[in-house]
Amino acid sequence: MTATTSSVCSVLLPEDQQSQARSFLRLLDSLLNQLPKVCPYCDCTAFKVKQKRHCLCSACGKSFNALTGTPLNRLQGRERFLPFVEGWLTGEPAHLVAERLGMDGTTGRIWVKRFLLLMEQTHPELYRWWSAYLYRQEVALPAHIQERAQRFLDWLARFPFEPSSACPHCGSSALIAHGYGNGLPRWRCKACGRMHNRLSDTPLKWLGQMELWRPYVELMLQGFTHQDCVLLLGIAESKGTNRDRNWRPRFLKLIGQQDPVLLEWVIWQNRRRRGQLASEHQDNMRRRRSALLQGPDSACADDHTPDAQ
Ligand SMILES: [Zn+2]
Ligand SMILES: [Zn+2]
């Protein structure tokens, strides 16, 4: 255990999580430096220690080390495990920790996933706090994006109610106010006689459920997919006015017209979200697979000891 362990965690973690973090680092330290106590395959305590802490079970004949059966199994570069996790738990972004330790970004991302899995299994309380913190970091808008987002949202709330200056059908500026339709001011063109509102020549034409536009865009800014938004906001997809069903391309187009930088952010965040969905799917599959392989007994091994034979 290094001397820095107790101080590094205190920078970011609340007090009640600091002891958890130190305990997690101690666990990691013992996984790296101590011999396993039982064979992970058959729970037998009789095994031979071969070189580099590799063990051979006398009962089942399988070889293993302390990391076998943990999420860190077969992860290369174990001399960097502790400095990596120590740096990571101070809140230093994982890719910067990886860079500092001479690793590439992809390895850093894989390590983060594996260490999170281990944390979930061994320190669930710390895991809940830490994964929530990481999530907030991921979706937090940097100041310059926050500013652009605010400008766009203000404009989105304002522009449907502003006076029209030209007919979207013929371009004439000879317009007469003509009451309200669907809650929006309506204009009649003196030249062509047709009606319009401010949404008529925008991607939001006939969209409906205006009260959900702002929360929809806010979720888009955090990378959420249309399907996420439907679930979170309860968008009525079958409404007659929602002819396109998917709001996303409409808002992407509108954001792109207003602020291309904001559009880039939305697309980038969505890519992150899709990656997250894919890895959640992979994790679920992995859990299901290992549950299948381990059989029904393993799930309750802790609280259920079979009768002695
Ligand atoms: Zn064994
Ligand atoms: Zn006209």
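As the structure lists them, so they are numbered: ligands from 1, and atoms in each ligand from 1. Excluded from the calculations below are hydrogen atoms, water molecules and symmetry mates; all remaining heavy atoms, backbone and side chain alike, are included.
- Here His169 does not reach the Zn ion (ligand 2): none of its N/O/S atoms is less than 2.8 Å from the metal.
- For Cys39 atom SG and Cys57 atom SG, the angle they make at the Zn ion (ligand 1) is roughly 110°, to 10 degrees.
- Checked against the 6.0 Å centroid threshold, Phe81 and Phe115 count as a close aromatic pair.
- Between Glu120 and Arg128, no side-chain nitrogen of the basic residue sits less than 4.0 Å from a carboxylate oxygen of the acidic one, so the salt-bridge criterion is not met.
- With 2.8 Å as the limit, His196 does not count as an N, O or S neighbour of the Zn ion (ligand 2).
- Between the SG atom of Cys167 and the SG atom of Cys189, the angle taken at the Zn ion (ligand 2) works out to 110° after rounding to 10°.
- Centroid-to-centroid, the aromatic rings of Tyr216 and His226 come within less than 6.0 Å.
- Side-chain atoms of Asn270 come within 3.5 Å of backbone N or O of Gly223 as a donor-acceptor pair.
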